[in-house]
Amino acid sequence: MIEVIIKAGISAFLASIGFGILFNIRGKKLILAGLTGAIGGILYKYSLYLGMSELVANFLGALGLAIFGEIFARLCKTPVTTFIVCALIPLVPGGGMYYTMLEVIQGNVQEALVKGLETLSIAGVLALGILVVSTGTQFYLRAKRAMETYRFDDNFYNL
């Protein structure tokens with residue numbers, strides 16, 4: 001099973017790098033974008049290996065890539081979307097969208113609704129994972145900035 005997880009990491013790395021090239025990312029940022037995608041892909045596959053549902057696995061994958069995307073963005077002093085957009089592509093439920101449309105074309109309304117809701121759920125969970133990390137990072141940075149701004153000196157306590 002470890003081979004499957006390693007293959008998932010390598011394929012997510014290569015897919016993220018491919019989309020990074022399309023988005024005109026260069027140098028160290030391209031490698032870091034690929035690494036961010038690999039982290040998301042590995043977390044996704046490992047979560048499935050542990051028996052978690054598809055939604056939880058996608059959420060954990062999005063959470064991992066968002067965390068590392070934030071870290072790499074701070075290190076490179078570049079926008080977070082540089083890393084997250086490329087890294088998110090391997091997790092996007094393209095197959096679910098395809099099968100939803102296939103069921104619609106074949107006239108299976110019930111199956112199309114099931115596949116469509118499943119696909120929308122996965123897309124929503126991916127967005128939620130990124131939103132949680134982004135909000136947490138913003139909250140942390142604002143609190144840190146506020147603590148630095150309102151530093152109290154020793155005279156404050158000797159009133």
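Fair warning: this is a prediction, and the values are worked out from it, not measured in the lab.
Contact annotation: the side chain of Glu54 approaches that of Tyr44 to within less than 4.5 Å [non-hydrogen atoms, C-beta and beyond]. Looking at heavy atoms from C-beta onward, Leu55 lies out of side-chain contact with Glu118 at the 4.5 angstrom threshold. Counting heavy atoms from C-beta outward, Asn108 and Lys115 have side chains that stay 4.5 Å or more apart. Looking only at side-chain heavy atoms (C-beta outward), Phe83 and Glu70 stay at 4.5 Å or farther from each other. Contact annotation: the side chain of Leu65 approaches that of Leu91 to within less than 4.5 Å [non-hydrogen atoms, C-beta and beyond].
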What verdict does the salt bridge (charged side-chain N to carboxylate O under 4.0 Å, His left out) test give for Glu3 and Lys7, after you've listed the backbone C-alpha separation in whole Å, the side-chain angles of each residue and the deciding distance to 0.1 Å? CA-CA 6 Å; Glu3 300 91 22; Lys7 285 179 185 177; over 6 Å; no
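Annotation: the span from Ile17 atom CD1 to Leu35 atom CG amounts to 9.0 Å, rounded to 0.5 Å. Interatomic distance, Ile6 CD1 to Lys45 NZ, rounded to the nearest 0.5 Å: 13.5 Å. A distance of 8.0 Å separates OG1 in Thr100 from CG in Leu120, rounded to the nearest 0.5 Å. A distance of 11.0 Å separates CG of Leu32 from CD1 of Ile71, quoted to the nearest 0.5 Å. A distance of 8.0 Å separates CD1 of Ile25 from OG1 of Thr78, quoted to the nearest 0.5 Å. Of the inter-residue distances, the one linking Glu103 atom CD with Leu113 atom CG reads 10.5 Å to the nearest 0.5 angstrom.
When Val125, Leu63, Leu128, Val92 are each tested for a side-chain contact (heavy atoms from CB on, under 4.5 Å) with Asn58, only one passes: Val125.
More than 12 heavy-atom neighbours from other residues, nucleotides or ligands sit within 6.0 angstrom of CZ on Phe72. For Tyr140, the OH atom is loosely surrounded, since the number of other residues' heavy atoms within 6.0 Å does not exceed 12. For Phe59, the CZ atom sits in a packed shell: over 12 heavy atoms of surrounding residues, nucleotides or ligands are nearer than 6.0 Å. Around the CD atom of Gln110, the shell of radius 6.0 Å holds no more than 12 heavy atoms that belong to other residues, nucleotides or ligands.
When the side chains of ILVMFWY residues are joined at heavy-atom separations under 4.5 Å, either directly or via intervening members, Leu60 and Leu126 end up in a single hydrophobic cluster. Cluster membership for Ile42 and Val4, using ILVMFWY side-chain heavy atoms within less than 4.5 angstrom, is shared. Following chains of ILVMFWY side-chain contacts shorter than 4.5 Å, one cannot reach Leu50 starting from Ile2, and the two form parts of different hydrophobic clusters.
Using modelled atom types, no side-chain atom of Thr135 and backbone atom of Val132 make a donor-acceptor pair closer than 3.5 Å. Side chain of Ser47 to backbone of Ala57: no donor-acceptor contact under 3.5 angstrom is found.
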